2 protein chains.
Amino acid sequence: MHDMPTPNSAAIEPLKVACASCNLRELCLPVGLNASELDQLDGLVAKRRAVPRGEHLFRNGERFEALYAVRTGFFKTCVGSEDGRDQVTGFQMAGELLGLDGISSDHHHCDAVALEDSSVCVIPYTQLEGLSREFSVLQHQFHKIMSREIVRDHGVMLLLGNMRAEERLAAFLLNLTQRLQARGFSASSLVLRMTREEIGSYLGLKLETVSRAFSKFQEDGVLDVKQRQITVLDQPALQRLVSNAAC
Amino acid sequence: MHDMPTPNSAAIEPLKVACASCNLRELCLPVGLNASELDQLDGLVAKRRAVPRGEHLFRNGERFEALYAVRTGFFKTCVGSEDGRDQVTGFQMAGELLGLDGISSDHHHCDAVALEDSSVCVIPYTQLEGLSREFSVLQHQFHKIMSREIVRDHGVMLLLGNMRAEERLAAFLLNLTQRLQARGFSASSLVLRMTREEIGSYLGLKLETVSRAFSKFQEDGVLDVKQRQITVLDQPALQRLVSNAAC
DNA sequence: CGAGTCTTTGATTATCTTCAAATCCCGTGG
DNA sequence: CCACGGGATTTGAAGATAATCAAAGACTCG
């Protein structure tokens with residue numbers, strides 16, 4: 001036994017990470033907290049965990065103990081149908097919370113997988129409940145995050161229920177660029193961390209259909225597509241596709 | 001002006017309704033509370049509101065003030081795409097909570113419409129946050145309800161993304177009968193409160209497709225369909241359809 | 001009883017999936 | 001440094017599923 005994290009399992013780092021100095025604090029759980037409250041939250045978020053690309057942060061059925069805030073990297077969550085094939089339910093980037101589904105039954109209801117080398121803050125759930133009984137701002141922020149997830153899911157249901165392939169892909173790309181922009185990245189240039197198949201699973205499409213939609217956007221001069229390197233050339237065109245959905 | 005509720009607007013009844021004596025307390029927010037806690041929750045849930053069939057309980061964009069627990073009746077919630085057509089995101093029956101989407105931004109993000117004459121308990125949200133800071137059991141129960149909604153939504157995403165028409169309808173009917181059974185109704189006989197179009201909107205299908213799926217189930221002896229009166233004749237067949245989905 | 005809504009059913013069409021094969025790309029090891 | 005291997009992506013052709021269009025029939029509510 002030695003101190004190095006084993007290369008093939010998610011390493012636990014007992015490293016202290018201060019929410020107070022985290023550049024994600026305006027996107028994450030600490031929104032609105034004052035200095036003293038931040039300090040107490042930091043006492044709770046004592047652990048960080050590294051998750052190498054391709055590894056699970058947690059699996060469907062595992063006991064739920066903590067929420068995870070993405071610090072760096074990129075995740076997908078998927079639920080599995082009983083026979084094996086699965087549905088990607090979301091992609092999570094820095095500042096977003098993973099594991100909310102686990103509260104309902106003390107067990108996780110989906111898999112969370114890192115799509116690139118990532119690290120997360122571990123937020124022990126019982127302690128979070130305790131602290132949010134003390135600080136109404138934290139309580140409210142936590143509730144807002146859960147509610148936002150519900151609103152997001154309803155948006156995905158609208159997408160899956162009413163939109164056609166190209167409209168779905170347009171909505172997906174706009175959503176991604178918006179979130180990247182909120183984190184200081186370009187609104188027009190992005191590198192996809194997921195495969196066509198994972199995009200397809202999220203959008204309720206087969207990978208070939210996703211690929212064809214990308215090609216169509218390329219032909220139409222809406223996107224420049226170089227494998228996973230995407231440049232948005234005509235954002236209004238994407239917007240129009242989404243707005244005119246289900247006409 | 002007179003005391004009668006106006007027939008075309010949801011009436012406000014200042015009637016005291018005791019959670020403590022409500023036969024839904026094992027399905028609703030009060031789960032796990034002791035007598036004294038129940039009493040305090042009752043102090044908060046002071047109002048009941050009647051919503052006639054076809055009326056809105058709240059609308060997309062309205063200010064969010066309170067959650068609503070369905071006391072009697074049946075609701076649908078829908079989100080609208082920008083152009084007009086909308087997606088039903090859920091059907092709610094007795095003991096289920098409406099309005100959770102509103103927490104995220106202090107405004108409702110969907111419409112809630114009564115599908116039959118209904119009544120709800122009004123739960124002022126700020127007060128609920130206050131009380132759940134005092135009672136950890138209430139707090140946890142509330143979190144579980146939000147988390148359960150997220151898990152449910154992920155299930156719908158799986159349905160919309162991976163299942164074919166008949167599989168979707170089977171999953172829908174099994175879900176309905178399970179919830180009705182939990183409320184003491186028959187697991188094999190039910191009256192649909194929604195139109196084929198509303199079912200279709202929820203399932204991402206057109207009303208004709210829903211109708212054809214019902215006819216197919218009737219032919220195959222899986223269901224007896226008399227308009228909205230449905231009898232499940234072969235529940236295992238429905239289960240198989242759902243389990244084998246996306247093979 | 002009648003109007004209007006809801007539902008069913010048939011025929012045709014659009015969209016997406018499936019199957020298949022070629023190509024691209026990245027990391028690895030020689 | 002370059003060739004190789006395997007996963008990822010693109011593209012084409014054929015087939016399946018659900019949408020659309022259309023019309024008739026059934027039920028509900030006033």
Side-chain angles (χ1 to χ4, degrees), chain A residues 7 52-54 76 85 87-88 113 115-117 159-170 172 191-220 223-230 241 244-247, chain B residues 7-8 52-55 76 81 85 87-88 113 115-117 159-172 191-220 223-230 241 244-247:
Chain A
R53 172 180 170 165
K76 70 170 178 181
R85 214 164 169 66
Q87 165 86 20
V88 172
V113 180
L115 296 183
E116 59 182 344
D117 289 349
L159 178 150
L160 291 172
N162 279 307
M163 294 189 187
R164 284 184 290 103
E166 286 171 30
E167 297 164 346
R168 295 185 198 187
L169 186 60
F172 170 70
V191 176
L192 299 174
R193 303 291 158 178
M194 67 296 276
T195 66
R196 303 288 191 256
E197 185 168 23
E198 285 162 338
I199 297 173
S201 173
Y202 183 60
L203 299 178
L205 301 169
K206 293 300 163 188
L207 68 94
E208 294 96 329
T209 306
V210 174
S211 176
R212 279 183 243 272
F214 271 121
S215 300
K216 179 67 161 39
F217 284 151
Q218 170 111 274
E219 276 177 41
D220 295 353
L223 295 181
D224 182 57
V225 183
K226 288 200 176 59
Q227 299 293 124
R228 299 194 185 180
Q229 170 67 58
I230 308 291
L241 266 177
N244 293 339
C247 271
Chain B
N8 283 327
R53 173 179 170 162
E55 301 272 314
K76 69 170 176 181
S81 58
R85 213 162 170 67
Q87 166 86 21
V88 172
V113 180
L115 295 182
E116 60 181 342
D117 291 348
L159 178 150
L160 291 171
N162 280 306
M163 294 191 187
R164 286 187 286 105
E166 286 171 30
E167 296 165 347
R168 295 185 198 186
L169 186 60
F172 170 70
V191 177
L192 299 174
R193 302 280 125 130
M194 68 295 278
T195 67
R196 301 289 191 256
E197 184 167 24
E198 286 162 337
I199 297 173
S201 173
Y202 182 61
L203 299 178
L205 301 169
K206 295 298 164 189
L207 70 93
E208 295 96 327
T209 306
V210 174
S211 177
R212 278 184 242 271
F214 271 122
S215 299
K216 179 67 162 40
F217 285 152
Q218 170 111 274
E219 275 176 42
D220 295 353
L223 295 181
D224 183 57
V225 183
K226 288 199 176 59
Q227 299 293 124
R228 298 194 184 180
Q229 171 66 57
I230 308 292
L241 267 176
N244 293 339
C247 273

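Source: prediction; values computed, not measured. Proteins come first, then strands; the chains are lettered A, B, ... in the order of their sequence lines, and each starts at number 1.
If you check every strand for non-hydrogen atoms under 4.0 Å, A:L205 touches sugar and phosphate atoms only. Residue B:G200 is out of contact with every strand shown, counting any heavy-atom pair closer than 4.0 Å.
For the pair A:T209 and C:dT15, the criterion of a side-chain N or O lying under 4.0 Å from OP1 or OP2 is not met. Remark: B:S215 is in phosphate contact with C:dT9, judged by side-chain N or O atoms under 4.0 Å from OP1 or OP2.
In this structure, the CD1 atom of B:I199 is 13 Å from the P atom of C:dC6, given to the nearest Å. If you take CD of B:Q229 and C1' of D:dC27, they are 14 Å apart, rounded to a whole angstrom. A straight line from CZ of A:R164 to C1' of C:dT13 spans 13 Å, rounded to a whole angstrom. Between the C1' atom of C:dG10 and the CD atom of B:E219 lies a distance of 14 Å, rounded to the nearest Å. We find that CZ of B:F214 is positioned 13 Å from C1' of C:dC6, with the value rounded to whole Å. For the pair B:M194 CE and C:dT7 C1', the computed distance is 16 Å after rounding to whole Å. The separation between A:I230 atom CD1 and D:dT9 atom C1' is 12 Å, rounded to whole Å. Rounded to an integer number of Å, the gap from NZ of A:K216 to C1' of D:dT11 is 16 Å.
Going from atom CZ of B:F172 over to atom CG of B:L205 covers 11.0 Å, rounded to the nearest 0.5 Å. The distance from the CZ atom of A:R212 to the CG atom of A:L207 is 9.5 Å, given to the nearest 0.5 Å.
Nearest to the side chain of B:Q227, among D:dT17, D:dA26, D:dT9, sits D:dA26. With distances taken from any side-chain atom of A:R212 to the nucleotides D:dG12, C:dT7, D:dT17, the minimum falls on D:dG12. Distances from the side chain of A:S211 to the nucleotides D:dT11, C:dC16, D:dA18 place D:dT11 closest.
In this structure the side chain of A:R228 reaches within 4.5 angstrom of the side chain of A:T195, judged on heavy atoms. At least one side-chain heavy atom of A:D224 sits under 4.5 Å from a side-chain heavy atom of A:Q218. In this structure the side chain of A:L169 reaches within 4.5 angstrom of the side chain of A:L203, judged on heavy atoms.
Donor-acceptor pairing under 3.5 Å, judged by distance alone, is absent between the side chain of B:R228 and the base of C:dT8. Counting atom types as modelled, A:R196 pairs no side-chain N or O with a base atom of D:dG7 as donor and acceptor under 3.5 Å.
Both A:E208 and A:E166 lie close to DNA chain C; mapped to their nearest nucleotides by heavy-atom distance, the more 5′-ward contact belongs to A:E166.
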